[in-house]
Amino acid sequence: MSTEAKVLTKGIQEVSFLKKIKPHIELIAAGLSGVLILAGWLFDRYGEGVESIIAYLLAFVIGGFAKAKEGIEATYENKELNVEMLMIFAAVGSAIIGYWTEGAVLIFIFAVSGALETYTMNKSHKEISSLMELQPQEALRITDGYEQRVAVSELSVGDHILIKPGERIPSDGMIFKGQSNIDEAAITGESMPVSKSEQAEVFAGTVNLSGSITVQVTKESTDTLFQKIIQLVQSAQSEKSPSQLFIERFEGTYVKVVLLVVICMFFLPYFLLGWSWHESFYRAMILLVVASPCALVASIMPATLSAISNGARHGILVKGGVHLENLGHLEAIAFDKTGTLTKGKPEVTDVIVINGLNKDELILKAASIENLSTHPLAQAIVKYAKQTLKMDLLQPDSLEDIPGWGVKASINGEQWKIGKASFMTNNHLDMFAEGQTKELASLGNTLVFIEIDGVLSAMFALKDVVREETKHAIQDLRKQNIKTIMLTGDSEKTARAIAGESHVDEFFAECLPEEKVEKVKQLKNQYKTVAMVGDGINDAPALAVAHVGIAMGEGTDVALETADIVLMKNDLPKIAEAIRLSQRMNKIIKQNVIFSITVIMLLICSNFFQWLDLPFGVIGHEGSTILVILNSLRLLKS
């Protein structure tokens, strides 16, 4: 190997090494500071005074550099003193009166607590980093039959890209050609692969498992669902909760008060209590250490970041600490019906056929006719036939679509009519199938009738069915004493049926978007904290008005952007999980705040009565900060 190649290889290795140790640099500095303190103590014990002071000075500089830099920069930018500056003053003051060991230990423990805070921050960014790694940087674009590898940022809406087996999909799009199994765990959290063919929607960051597919790009690289997830987590980590904002405002005033009291401590005990100058200065330095609100300041942010990270890992994306904090105080939650409590698509619930007709044959012929229609009810009948019969559909002889009514068709020489009751020749359908029509309609079903050669022959009952997980979600919320309300634009009859099935406490039917907003406002007047759950454009105003807006992950872009929390897998039980996470976070924050204030008060009192020495003051104060951060890290666990 040439000399240049060796130098280049060595340089690359050094850069790689620096990248590896960079996240741990604060912890390494704290460790070195601890080693130097031990060396200084040994030098001091065996009579090497100068060497011990040099060791302590190095411990001050190495251990305190990061926090001192942070404190000085923040003071300069905000024109206000902070906790970091108090620690610098306390450490320097300890050294001035000859307590080098105590000052160095103060710096060491402060550096350790700072390293722990950085660890929490890095842990909270882990989901972002792992998501970013899932985003392909290049795509294989097909233009006029030629393949060209290009950067994902160069893709435009309408471009065709080829994704081979095992590759990640680089952009949101629609399958133009081919079929495959797609692993969508990165987006939805669903562990089972999803089979997709032409016209099916695919998402950036998901994995093409089996066949090669050609995808037509439908969104710019900056607008993909994948990018929205990243943006949601980033915004959540930068937004602060009301508790955190209060502590930060309180910190500046508190630091000024502490410094004023410390200055008084220099003089008043000497004149009023007969203390010596040395004792007064010593007690003032201890006060400077123990009265610093380090633990109080660290009570909230690490807990909030840990909780947001935990939620993101479980498919609950929270846009900020304020929303997660509010969620723990929830008293009522309003749900949209379609696509939220229900699946959002009609499904066949019953098929009734008159005696003398083969049921499977009738379903096959009805599906063959409806296959040529794009109406949601028609497609539901086709889907039902394919799932139940596993047979190839037939080709009708002729077909005429009557908009708003149904279809007429000829198949195997028979004249068929499929549609609403008023489209049938005989409009008196109440007694069909021994009056079952009334019962099915009362349960919220939409009825589609079939007439063959002028004879009413069959009826399909279809309904937007309640999600399987909806009942469990509502039960979980009830156990937490949260009132559940359904808001829907559907008729009273349909709303009542769905409300009964889903077990919500209350429902309001025939609500227009503006009426949903009014209902949410009324609930806000009635309950302390109210959430709204929805997925559509028409839900966006109500999501914005509620204290907490929750959007389903498969909802519209407008709903996702308006909401404060997004459930990535359309999994309603995640709401109860998010509430429990919020309650855990609020409980831990309360524990941290009470503990830190109690420790500060005990240490201040002990110092005033001259029971506390500087070493124990340092250990008590900085130890409480470390305990508070460690308590917050418990939220990272499920």
- Note on the structure: Distance col, row T598:OG1 vs L603:CG, nearest 0.5 angstrom, shows 10.5 Å

- Item | Shortest non-hydrogen contact between V548 and L327, atoms and distance | CG1-CD1, 4.0 Å

- Which residues pass the side-chain hydrogen bond (donor to acceptor under 3.5 Å, both in side chains) test with S596, sequence neighbours left out? none

- Taking all non-hydrogen atoms of both residues into account, name the closest pair between L636 and S309 and its distance. CD2-CB, 4.0 Å

- Given side chains that start at C-beta, do those of I589 and T304 come closer than 4.5 Å, heavy atoms only? yes

- In Å, rounded to the nearest 0.5 Å, how long is the span from CD1 of I62 to CG of L57? 11.0 Å

- Message: Using a 6.0 Å cut-off, check whether atom CZ of F508 has over 12 heavy atoms from anything other than its own residue.
- Response: yes

- Message: I'd like to know whether D336 forms a side-chain contact (heavy atoms from CB on, under 4.5 Å) with M552, so could you lay out the CA-CA distance, the side-chain angles of the two residues, the decisive distance to 0.1 Å, and finally the verdict.
- Response: CA-CA 10 Å; D336 168 51; M552 307 295 275; over 6 Å; no

- Message: Treating R467 as the side-chain partner and T340 as the backbone partner, does any N or O pair qualify as donor plus acceptor under 3.5 Å?
- Response: yes

- Note on the structure: Here the pair of heavy atoms bringing A473 nearest to P573 is CB-N, 3.7 Å

- Item | Partner of I485 by side-chain contact (heavy atoms from CB on, under 4.5 Å), out of L523, V520, I333, D505 | L523

- Task: Would you check if the side chain of N586 reaches a backbone N or O of E325 as a donor-acceptor pair within less than 3.5 Å?
- Result: yes

- Task: Would you sort out whether K521 and V545 count as a side-chain contact (heavy atoms from CB on, under 4.5 Å), showing the intermediate values?
- Result: CA-CA 7 Å; K521 287 180 178 177; V545 167; 3.8 Å; yes

- Task: Hey, could you give me the CG/OG1 distance between L630 and T625, rounded to the nearest 0.5 Å?
- Result: 11.0 Å

- Note on the structure: dist L317:CG -> I550:CD1 (nearest 0.5 Å) comes out at 12.5 Å

- Are any non-hydrogen side-chain atoms of D564 and N326 less than 4.5 angstrom apart? no

- Message: Just to verify, what does K471 make a side-chain contact (heavy atoms from CB on, under 4.5 Å) with, not counting sequence neighbours?
- Response: H503

- Between T529 and L330, is there a donor-acceptor pair closer than 3.5 Å when you use the side chain of the first and the backbone of the second? no

- Message: Run L627 and V599 through side-chain contact (heavy atoms from CB on, under 4.5 Å) and show every step you take.
- Response: CA-CA 11 Å; L627 287 174; V599 169; over 6 Å; no

- CZ-CG distance between F616 and N607, expressed to the nearest 0.5 angstrom: 14.0 Å

- Message: Distance check, rounded to the nearest 0.5 Å: I626 atom CD1 versus N631 atom CG?
- Response: 13.5 Å

- Item | Non-hydrogen side-chain atoms of H547 and H329 separated by less than 4.5 Å | no

- Item | Pairwise side-chain contact, F335 with I474, heavy-atom cut-off 4.5 Å (strictly under) | yes

- Are the side chain of S606 and the backbone of W611 linked by a donor-acceptor contact shorter than 3.5 Å? no

- Message: Restricting to non-hydrogen atoms, name the atom on L635 and the atom on A303 that form the minimum distance, rounded to 0.1 Å.
- Response: CD1-O, 3.2 Å

- Query: Can you name the nearest heavy-atom pair linking S306 to P302, along with the distance?
  - Reply: OG-O, 2.8 Å

- Item | Any donor-acceptor pair under 3.5 Å from R584 side chain to R634 backbone | yes

Under 3.5 Å, sequence neighbours excluded: what are the donor-acceptor pairs made by side chains of residues 574-582?
{"residue": "K574", "atom": "NZ", "partner": "H314", "partner atom": "O", "Å": "3.0"}
{"residue": "S582", "atom": "OG", "partner": "L324", "partner atom": "O", "Å": "2.3"}
{"residue": "S582", "atom": "OG", "partner": "G328", "partner atom": "N", "Å": "2.6"}

- Item | Nearest heavy-atom neighbours spanning S299 and V628 | CA-CG1, 3.6 Å

- Indicate yes or no: at least one non-hydrogen side-chain atom of L487 is less than 4.5 angstrom from one of M532. yes

- Task: Taking atom CZ of F595 as the centre, report whether more than 12 heavy atoms of other residues, nucleotides or ligands fall under 6.0 Å from it.
- Result: yes

